[in-house]
Amino acid sequence: MTDRAMRTLVLGGVRSGKSAHGESLLGDHRQIRYLATGPLTSSDGEWMERVRTHRERRDDRYTTIETTDLGQALRAAPDIPALVDDLGSWLTAQIDAVHGWTTDVAIDLEDQITDLCDALAAMAADVVLISPEVGLSLVPPTPAGRIFQDLLGTLNTRVADACDRVQLVVAGRVLDLPRPGDTASPRGSDRDAEPGHGRSPSPTVAPVPTPAPTVDATDLDASATAAGQTGAARTDAASPTSYDRPDPTDAEVFAPITPPDEAVARAARERQAILTKPPGSLGRVEEIGVWIAACQGQCPPTALTSPTVVVFAGDHGVAGGGVSAFPPEVTAQMVANIAAGGAAVNVLAERAGATVQVVDMSVDADTDPHVSRYKVRRSSDDLRTSDAISLEQARMALAAGRAIADELVDSGTGLLIAGDMGIGNTTPATVLVGALTRREPVEIVGRGTGIDDTGWMRKTAAIRDGMRRARKVVHDPLALLAAVGGADLTATAGFLAQAALRRTPVILDGVVVTAAAMVANELAPGAMRWWIAGHRSVEPAHQIALEHLDLEPVLDLSMRLGEGSGAVLALPIVQSATDLLFSMATFDEAGVSDKTASDAAVAETVEAGKS
């Protein structure tokens, strides 16, 4: 790497090799954020096959984030090299957002394009942007096609002006394009010779350094989408670059957990006392900032980077016993909804600047291969009469949760949120809470998705039966998860414990996630020091679980949705608490007299009066 960031725009037509070339430009970097602007899921089988092939080409240095807010995504991690693929799909999403395909009024995307260019200018690491060149992509001669072409020309021109270099890829060969007014031949600039940017200064036109020809997923191009396939998915999803499953051997064995740094916490409290406010005037917000500083091991702390929500999904055999107001097939439908960006958690996360990924651990349906890359099985068995999953499957689920946490932490995520999705999942969660706290079923049973009195009685009986089976293994966390937890709760427990092991703070959500957290703290004692409760739900078991973990919720809004929604609502408060501690001026910096100075002045006045 050099000490200067290089911004490169790579243009080309359909299957020109532009994406592969863009990847080669970042070949010397050890960590790359792949900002994908195309849909993660689709009913088009050919598209999904191309996406799969495209993913497999990238190695394990890449972390994929699907987003249509490129400005926010770039600003979230300006120090990590990024590959944006591609601007055509991003433009399609912007036109979708303003319903621009059928309007007779000129579309104004000036603010969106300016925001993207400003984010590019602020990048401290190399960034490569892939875009279809106008005239080299398949765009139908329709009003919608002309709208797309006109706006794409404007977008490419603006982004080119914001970049240090523009390259055109044709038939697998690369041409460096001169800037407007530059009379020199189109050759690589002097900067092209710098090491660490994956380029050679000598040949003007050179073969793209790729292995055997591959199908480029994004080279299907948003231009085809512009012709009539509108409504690109909005899900932000981190994805691995390999479908290899993590080794489940000894997945339940954790190294000792190191607590947040208490010396840093003391320093943070001392800093709170000298900021331009009365001591303690921000209430608990101050202590949240102290906690983040202790987790980061530095005072003042830095801004929380790339907060990410992982929604663990699974079906439960006990749902067949009428313990939920919704049928089991809703789980798969909601997984697709989250993947498409249409759920509450997606909307809330977008507002808070967080990304969302959904992971199918045991949904009783076939889901997208990317979503189900860690899938253990279809549904769990009925916890009333048999183990939910086997011990082997529990280890697989734990290993998956740990691997997901590792992926995100390694990609630069500074704060994690766990969410849940599964019809009937509050039943196993309540069984776990009841077993670990030795409460009676009637004390802890809630209404879940809104069951009536008859459903509540069925649920109470199911929890009673599950607790009876759980008591036999309550001192063995792995066996407990296998007996009554299911793959989704088990993966959540592994995710939470591994986050603590990796010294990464987590905001917990509702009763399902908190029940998994209770088991995670049994697996990795002390892990709870790395968690904060985002909210208190209306489920009785949730309050009991929070007391067991000695956690005080940030919010209390009578919620019971799940998905990670309550935790995401608390995220801006945690972010603000962090920002206050590192951005707020001290009394000395602001030239403001503090209480100590005021007290000294009063004492001096009193003393003078005595004399």
One thing to verify: whether [Y] and [X] come together as a salt bridge, which I'm taking to mean a side-chain N less than 4.0 angstrom from a carboxylate O.
X	Y	result
Arg7	Asp126	no
Glu110	Arg158	yes
Glu133	Lys18	no

If you look at every heavy atom in [X] and [Y], which pair is closest and at what distance?
X	Y	answer
Ile292	Pro301	CG2-CB, 4.2 Å
Thr64	Ala36	CG2-CB, 4.1 Å
Leu571	Ala354	CD2-CB, 3.8 Å
Ile107	Ile147	CD1-CG2, 3.6 Å
Thr305	Gly412	OG1-O, 2.7 Å
Asp509	Ser565	OD1-N, 3.6 Å

* Evaluation steps, side-chain contact (heavy atoms from CB on, under 4.5 Å), between Thr114 and Asp118 -> CA-CA 6 Å; Thr114 298; Asp118 289 346; 3.6 Å; yes
Answer yes or no: is there a side-chain heavy-atom contact under 4.5 Å between [X] and [Y]?
X	Y	answer
Val285	Leu580	yes
Leu168	Val174	no
Ile274	Asp588	no

Using atom types as modelled and distance alone, determine if a side-chain donor or acceptor of [X] lies under 3.5 Å from a backbone N or O of [Y].
X	Y	answer
Lys277	Met584	no
Gln296	Ala293	no
Arg351	Leu348	no
Gln72	Gly353	yes
Trp90	Thr68	yes
Thr276	Ala585	yes
Asn346	Ala343	yes
Gln498	Ala403	no
Glu286	Leu282	yes
Glu563	Gly419	no

* Test Arg75 against Asp115 for salt bridge (charged side-chain N to carboxylate O under 4.0 Å, His left out), laying out the working first. => CA-CA 10 Å; Arg75 281 188 287 268; Asp115 180 67; 2.7 Å; yes
* List for me each residue that meets side-chain hydrogen bond (donor to acceptor under 3.5 Å, both in side chains) alongside Asp360, sequence neighbours excluded, and say none if there are none. =>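 If we apply the side-chain hydrogen bond (donor to acceptor under 3.5 Å, both in side chains) test to Asp360, skipping adjacent residues, the hits are Thr367, Lys375.
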* For Leu581 and Gln272, what are the C-alpha separation, side-chain angles and deciding distance, and is it a side-chain contact (heavy atoms from CB on, under 4.5 Å)? -> CA-CA 7 Å; Leu581 194 52; Gln272 291 281 16; 3.7 Å; yes
* **Steps toward side-chain contact (heavy atoms from CB on, under 4.5 Å) verdict (Val127, Leu120)** => CA-CA 8 Å; Val127 58; Leu120 277 175; 3.7 Å; yes
* May I have the step-by-step check of side-chain hydrogen bond (donor to acceptor under 3.5 Å, both in side chains) for Asp86 and Ser89, ending in yes or no? => CA-CA 6 Å; Asp86 72 355; Ser89 294; 3.2 Å; yes
* Stepwise side-chain hydrogen bond (donor to acceptor under 3.5 Å, both in side chains) check, Arg33 with Thr63 -> CA-CA 5 Å; Arg33 300 174 80 233; Thr63 295; over 6 Å; no
* To do: Give the intermediate values and the outcome of side-chain contact (heavy atoms from CB on, under 4.5 Å) for residues Leu496 and Trp531.
  => CA-CA 8 Å; Leu496 296 173; Trp531 309 328; 3.8 Å; yes
* **Identified side-chain contact (heavy atoms from CB on, under 4.5 Å) partner of Val310 from the options Thr413, Ile417, Leu408, Asp420** =>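 That would be Leu408; it is the only one of Thr413, Ile417, Leu408, Asp420 passing the side-chain contact (heavy atoms from CB on, under 4.5 Å) with Val310.
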* Asked: With respect to Leu35, which candidate in Leu129, Leu83, Leu70 satisfies the side-chain contact (heavy atoms from CB on, under 4.5 Å) definition?
  ->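 Answer to the side-chain contact (heavy atoms from CB on, under 4.5 Å) test with Leu35 among Leu129, Leu83, Leu70: Leu70.
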